[in-house]
There are 2 protein chains.
Amino acid sequence: MTQQSDRAQRQHLSTCGVAVAVVILTVQREGLTVLLIHRAAPPYAGYWALPGGLLMPGETLDQAAARKLLGETGVADVYLEQLYTFDAQPDDPGPRAIVAYFALVDAGRVVLAQRSSWQPAWFPVDRAPELAFGNARIVAYALKRLRAKLGYSNVVYSLLPEHFTLTQLQRVYEAILGRPLDKRNFRKRILSLGIIEPTGHLERTGAHRPARLYRFSRREPITF
Amino acid sequence: MTQQSDRAQRQHLSTCGVAVAVVILTVQREGLTVLLIHRAAPPYAGYWALPGGLLMPGETLDQAAARKLLGETGVADVYLEQLYTFDAQPDDPGPRAIVAYFALVDAGRVVLAQRSSWQPAWFPVDRAPELAFGNARIVAYALKRLRAKLGYSNVVYSLLPEHFTLTQLQRVYEAILGRPLDKRNFRKRILSLGIIEPTGHLERTGAHRPARLYRFSRREPITF
DNA sequence: CCAAAAGTGTTCAATCTACACCCATGC
DNA sequence: GCATGGGTGTAGATTGAACACTTTTGG
C-alpha cells in the first residue's frame, strides 16, 4: 500500500467502523510462514502486524482483502477466504471490527512490496513476534481452520505450481500439519478426494525415477 | 428494540460501518422456523427482515448479537454463534458490512416482543417471504451451517427443555434436517457423541412405556 | 554401484447403514 | 384389547490406519 492511500484511509478511519486483515501464509524451507508488516507509526509503532486496513468506498470485503493481498505480495487468483470477524481491542482507535481473511500463496511467485516503509517479512507461524491489535488470535484461528480444511478441500492449490508431483503435494501437507504422513495412505486419500488429476506428463528432474505430474482440477476454492 | 434506541441507532448509522443481524431459529410443529420482523419505515418499508442493528458504543459484536436476541425474544444463555460477515447491498444506506449470527431457541420459552411496531413473527424457513437487505442469503447460510453442525456438536441444546427424551431429541434433528432418521442408529450415534447424559429419572406422561430422561452435559457451545 | 525419490497392496479395526420386533402404559 | 410410542441388536459394507519392498534414474 502506498503512503498516500494509507493517509487517505486514516482520514476515512473515523467514519468507517470496519477493517479487513489478511493472514497470508506460505510454505518455505522453514515450514509454514506468515507475512507480517512492521509498523512505523502509532498505534503500535514498532510492532509487527497483519496486512490490513479500512474498506475503501464502494469496495466489498472480499475486494478489500484481495487488494491488500495484491498490494503486499503482487499475487491474485489464489486461495482467499473469509475467516471470522473479530472485535477490535477495546482501547484501540479506529475500526470496531476486523474482518479476517486468510490466503495461501506460492512463495515462489511472491514479490514482497519492499517499496513501502512497512518492511514486510515472512515469519514461521510458531515463532512469530508479538503482534499489534491483538492479531495473534487471528493467526491462531487461521492455522486451525487451514489444518481442518486440508482434509476435505483443495485449499492448497495456490501453494503449488501449475504442475506438481504427489510427493511435492505431500511435503506441503506435512509442512502445514507439522507432522509426517504415510505416503501410500496420503496418495489414496488425495486421489479419492478428486481434487487433482494427472496431466499425463512426467517430471524428469532429479536423480530418481521420473514422477507423474498432477494438477488441481479446479484452481478456485471448493465449498462444501 | 424500542423506538428510541432505533432512532439513536439511525443517527449513529452514518458514523458506524458495521451492523449485526441474527438468524433466530426454533423448531415448532411446522418444522424449522425463523424469526422475522416487519419493517414499517424505509429502507425496505413493508418488507420482512432479520432482527439486527448497529453496534452500540463500547459493545462487542457478540454482545450486540445477544442484545438483539434478548430484545426480540427475551431469552439469553442459548446457542449463539457468529456465522459470516456479509457485504451490505451496494445501494443500501447505512453499514457497509453485516456480521451475521445464528441462534437456536426453545419456542416454548420465547415471548415475542410485541410491544414494538415491528410485529415479530415466525416463518417456516422454506416458506419465508422476500427479505430486506439481501437477508435471504444469510438465512440460507445459517441453515447450511446448522445442518453441518448437527453431526458433531451440541448445537441443539437450547432447542430443548432441561430434561428430554431421546425421541424428542430425534424429532428436533429430523425437523432441522428435513428427513426421517433411523431410531436405533440415531440413539447409538448421539450417545457415542457424549454430549448428553441420563438423568436417572423417567418421563411418565403419555399412553406408552415410561421414557428415560436425558440432559445435555454442557449447556454452552462446544467448539472443535 | 550407490544414493535418491517414485511407486505400489494388504490386513485389521472401527465405523456406518439397513433393518424388525417386543414391551409398558393409558384409555 | 388396542393404540401409542419406547426400547433394543446384528450383519454387511465402507472407511481409515499401519506397514516394506522394488524400480528407475543421475552421478
Side-chain angles (χ1 to χ4, degrees), chain A residues 27 29 147-154 156 159-216 224, chain B residues 27-29 31 147-153 156 160-216 224:
Chain A
V27 171
R29 294 238 181 69
R147 285 177 174 153
K149 287 207 126 184
L150 276 187
Y152 59 89
S153 84
N154 66 346
V156 297
L159 282 175
L160 288 158
E162 176 79 16
H163 301 293
F164 54 88
T165 66
L166 287 180
T167 301
Q168 287 178 288
L169 183 62
Q170 185 174 344
R171 297 275 171 277
V172 169
Y173 271 67
E174 289 172 334
I176 293 172
L177 293 172
R179 65 185 154 91
L181 299 173
D182 178 82
K183 179 157 54 161
R184 285 169 289 185
N185 292 338
F186 177 77
R187 289 157 113 88
K188 264 181 295 185
R189 220 181 26 253
I190 276 294
L191 291 173
S192 76
L193 252 185
I195 59 176
I196 62 171
E197 57 193 25
T199 64
H201 296 137
L202 297 177
E203 173 185 65
R204 305 204 129 271
T205 66
H208 55 76
R209 180 177 183 173
R212 212 187 297 277
L213 287 170
Y214 290 82
R215 69 168 151 248
F216 285 92
F224 294 89
Chain B
V27 171
Q28 293 173 305
R29 294 237 183 70
R147 285 178 175 153
K149 288 208 124 183
L150 275 188
Y152 59 89
S153 83
V156 297
L160 289 157
E162 176 80 16
H163 301 294
F164 53 88
T165 66
L166 287 179
T167 301
Q168 286 178 287
L169 184 61
Q170 184 175 343
R171 297 277 172 273
V172 168
Y173 272 67
E174 289 173 335
I176 294 173
L177 294 172
R179 66 183 153 94
L181 299 172
D182 178 83
K183 179 157 56 161
R184 284 169 290 189
N185 292 338
F186 176 78
R187 289 157 114 90
K188 266 181 294 186
R189 223 186 17 258
I190 278 292
L191 291 173
S192 76
L193 254 184
I195 59 176
I196 61 171
E197 57 194 24
T199 64
H201 296 136
L202 297 178
E203 174 185 63
R204 304 203 129 270
T205 67
H208 54 77
R209 182 175 181 174
R212 213 185 295 281
L213 287 170
Y214 291 83
R215 66 168 152 250
F216 285 94
F224 293 91

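Quick note on labels: first sequence line is chain A, next is B, and so on, each numbered from 1.
- Taking each heavy atom of Pro210(B) and Leu202(B) in turn, the nearest pair found is CB-CD1, 4.2 Å.
- In this view, Glu203(B) satisfies the salt bridge (charged side-chain N to carboxylate O under 4.0 Å, His left out) rule with no residue, not counting sequence neighbours.
- Using a 4.5 Å cut-off on side-chain heavy atoms (C-beta onward), Tyr214(A) and Leu191(A) make contact.
- Atom NE2 of His163(B) has more than 12 heavy atoms from other residues, nucleotides or ligands within 6.0 Å.
- Heavy-atom nearest nucleotides on DNA chain C were determined for Leu213(A) and for Arg209(B), and the one closer to the 5' end corresponds to Leu213(A).
- Applying the salt bridge (Lys or Arg N to Asp or Glu O under 4.0 Å) test to pairs two or more places apart or on separate chains, those with a residue in residues 169-198 of chain B are Arg171(B)-Glu174(B), Glu197(B)-Arg215(B).
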Next on the checklist: Does the protein touch nucleotides 11-17 of chain C at the base, only the backbone, or not at all? Give it as B, S and - per nucleotide, heavy atoms under 4.0 Å.
Outcome noted: ------B

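- In this structure, Phe186(B) atom CZ and dG9(D) atom P are separated by 18 Å, rounded to whole Å.
- For residues 169-195 of chain B, the set of pairs meeting the ring-ring contact (aromatic ring centres under 6.0 Å, His included) definition, not counting sequence neighbours, comprises Tyr173(B)-Phe186(B).
- Leu159(A) is listed as a side-chain neighbour of Ile176(A), based on a closest heavy-atom distance under 4.5 Å.
- Applying the 3.5 Å distance criterion, the base of dA24(C) shares no donor-acceptor pair with the side chain of Arg204(B).
- Annotation: side chain to side chain donor-acceptor pair (under 3.5 Å) contacts of Arg212(B) (sequence neighbours excluded): none.
- Closest contact between the side chain of Ala211(B) and the listed nucleotides dG7(D), dC19(D), dC19(C) involves dG7(D).
- Using a 4.5 Å heavy-atom threshold, the side chains of Leu213(A) and Thr165(A) count as touching.
- One interatomic measurement links the two molecules: NZ of Lys183(A) to C1' of dA5(C), which rounds to 7 Å at whole-angstrom precision.
- Rounded to whole Å, atom P of dA17(D) lies 13 Å from atom CD1 of Ile190(A).
- The distance from atom CZ of Arg212(B) to atom P of dA24(C) is 13 Å, rounded to the nearest whole Å.
- Which of dA4(C), dC19(C), dC19(D) sits closest to the side chain of His208(A) comes down to dA4(C).
- Close to dA6(C), at under 4.0 Å from its OP1 or OP2, lies a side-chain N or O of Thr167(A).
- Scanning residues 193-203 of chain A for heavy-atom distances under 4.0 Å to DNA chain D yields an empty list.
- Using a 4.0 Å heavy-atom cutoff across all strands shown, Arg187(B) reaches at least one base atom of the nucleic acid.
- Between Arg184(B) and Thr165(A), it is Thr165(A) whose nearest contact on DNA chain C lies nearer the 5' terminus.
- With rounding to whole Å, Leu191(A) atom CG is found 15 Å from dT15(D) atom P.
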